[in-house]
Amino acid sequence: MAQYKSDLIQTLTARGFLHQCTDLAALDAKAASGPITAYVGYDATADSLHIGNLVSVMMLHWLQRTGHRPITLMGGGTTKIGDPSGRDETRVLVDDATIRARMASQQTAFRRFLNYDSSATGAVLVNNADWLDDLQYIPFLRTVGPHFTINRMLTMDSVKLRLEREQPLTFLEFNYMILQGYDFVELNKRFGCTLQLGGSDQWGNIVQGVELGRRIANAELFGFTCPLITTSSGAKMGKSVSGAVWLNGDKFSPYDYYQFWRNAEDGDVGRFLNLFTDLPLDEIARLEKLEGAEINDAKKVLALEATTLLHGAEAATDAAETARKTFEQGGVGDDLPTIDIPTAELKAGIAVWNLFQRAGLAESNGEARRLIRGGGAKMNDERCADENATVTLDAVKDGIIKLGAGKKRHAIIKVAG
């Protein structure tokens, strides 16, 4: 492994975050000479960050841990445009009130990983609407526009892929990379920010910002991207059986989050320990060597450490205990996902496939039916043999109905009212 001068670059490269960098040697020297300020931008496309955002959040986390200052840039302005990167369709435009509510909700996750205080390395929360909303269009175009050629912009993946797929790209979206580049220059002016971090899909936009800073402000700026995280089987990381893996606990429970990591593929455990936990590298190296049944011990460590970072030690311990009771003792853990079904509804009878869908063990009724037909559905620890069966109050045992999908996913139905 290459030896770097700065703790920052040493840490990011050793833990597998490096994909591309505009000038790694110069950035390493700058980070070694004193604290730097770096940012990642997050648009308000939902009311919670998701697992796909976690890699960049962890980069900011390690940036701060190695003595530098992180900026979380909320896209109150750019959300009104919509980032075309990786999309075949134009994003649905949302109003200002929705954007503000989403940004406030997203901050819950940031505060788990970063310290926002008045120290030299205290994280800074910024909203790009503070400058983008007040831009005068023609003066802005005259200042920034000459530094972006249409020829170059058409080579960017966010544009090129949309055109190759013969999907429309609006002029509104076409402006996104210009505004993102301008954000970098503005953050440099306001906070001395010299580094933009992001996913590999943002490389083109980041490079444009680096070049814009050099051309209009004579600023030395840097870009650093992490790889697109896929599983060992080649799937894009970020989905659970029940849908997106959200970072806010009210959208994806600490137990479900624990189980997401606990169910990692064997070949991903070491890489995920490096990227998504604070464990020391030598301990990760030890866990990576475990084989056979022992790999499950490493998965439990991964799940516990990752859940502790996001939800705290108590929630992580509770989730681990629930999993132990459910899977190792065959009991019912206190923290299992639970839904309430009115007594009257069960008295009338509910289709068993509908119950599995409502409990979040299948994304659709069709998927629930396939689960039952395939023999993967259990109710009260007995296999469901008939997808058209009706569940009534007779299935209630000790006030609950226990559902299982496969060996690792469970939910509880409670009778209410």
Side-chain angles (χ1 to χ4, degrees), residues 48 50-51 231 233 235-246 248-265 296 299 303 307 315 318-417:
S48 170
H50 53 77
I51 204 82
T231 64
S233 60
K236 184 177 179 180
M237 184 184 171
K239 290 285 187 180
S240 70
V241 174
S242 57
V245 180
W246 301 104
N248 282 19
D250 58 347
K251 290 177 69 71
F252 199 77
S253 73
Y255 172 79
D256 286 332
Y257 192 74
Y258 177 95
Q259 283 301 113
F260 171 77
W261 295 109
R262 175 66 181 81
N263 294 334
E265 296 178 23
N296 286 321
K299 291 182 182 182
T307 307
D318 288 347
E321 179 62 14
T322 294
R324 188 184 68 80
K325 286 181 180 179
T326 303
F327 306 125
E328 296 176 13
Q329 296 181 347
V332 176
D334 298 330
D335 202 29
L336 281 177
T338 302
I339 65 166
D340 294 329
I341 299 289
T343 301
E345 195 172 350
L346 273 171
K347 188 174 182 179
I350 302 174
V352 64
W353 48 262
N354 184 250
L355 208 58
F356 275 82
Q357 189 274 327
R358 289 168 66 175
L361 297 177
E363 288 195 57
S364 65
N365 290 336
E367 183 179 306
R369 286 179 178 274
R370 289 190 293 274
L371 176 70
I372 296 168
R373 287 199 299 270
K378 287 187 176 182
M379 185 168 63
N380 295 331
D381 296 318
E382 294 185 5
R383 188 170 68 85
C384 298
D386 182 3
E387 66 180 280
N388 295 311
T390 299
V391 181
T392 65
L393 285 171
D394 292 339
V396 178
K397 309 294 182 185
D398 298 321
I400 66 170
I401 301 173
K402 180 181 176 183
L403 301 180
K407 295 180 179 180
K408 298 181 178 180
R409 294 184 293 121
H410 297 265
I412 297 298
I413 304 296
K414 284 188 176 180
V415 182

Measuring only between side-chain heavy atoms, which start at C-beta, is [X] closer than 4.5 Å to [Y]?
X: His410; Y: Lys402; value: yes
X: Leu403; Y: Met379; value: yes
X: Phe252; Y: Ile51; value: no
X: Ile413; Y: Arg358; value: no
X: Arg262; Y: Asn296; value: yes
X: Val391; Y: Leu346; value: yes

Determine whether a donor-acceptor pair (N or O, by modelled atom type, separation under 3.5 Å) exists between the side chain of [X] and the backbone of [Y].
X: Ser48; Y: Asn248; answer: yes
X: Lys299; Y: Ala264; answer: yes
X: Asp386; Y: Asn388; answer: yes
X: Thr322; Y: Asp318; answer: yes
X: Asn354; Y: Ile350; answer: no

How close do [X] and [Y] get, counting heavy atoms only, and between which atoms?
X: Glu363; Y: Glu367; value: N-OE2, 3.3 Å
X: Thr307; Y: Pro254; value: CG2-O, 3.9 Å
X: Lys378; Y: Phe356; value: O-CZ, 3.4 Å
X: Ala323; Y: Tyr258; value: CB-CE2, 3.9 Å
X: Gly349; Y: Thr390; value: CA-CG2, 3.5 Å

Roughly how far apart are [X] [atom1] and [Y] [atom2], rounded to 0.5 Å?
X: Trp353; Y: Cys384; atom1: CH2; atom2: SG; result: 14.0 Å
X: Ile401; Y: Leu355; atom1: CD1; atom2: CG; result: 6.0 Å
X: Asn365; Y: Arg370; atom1: CG; atom2: CZ; result: 10.5 Å

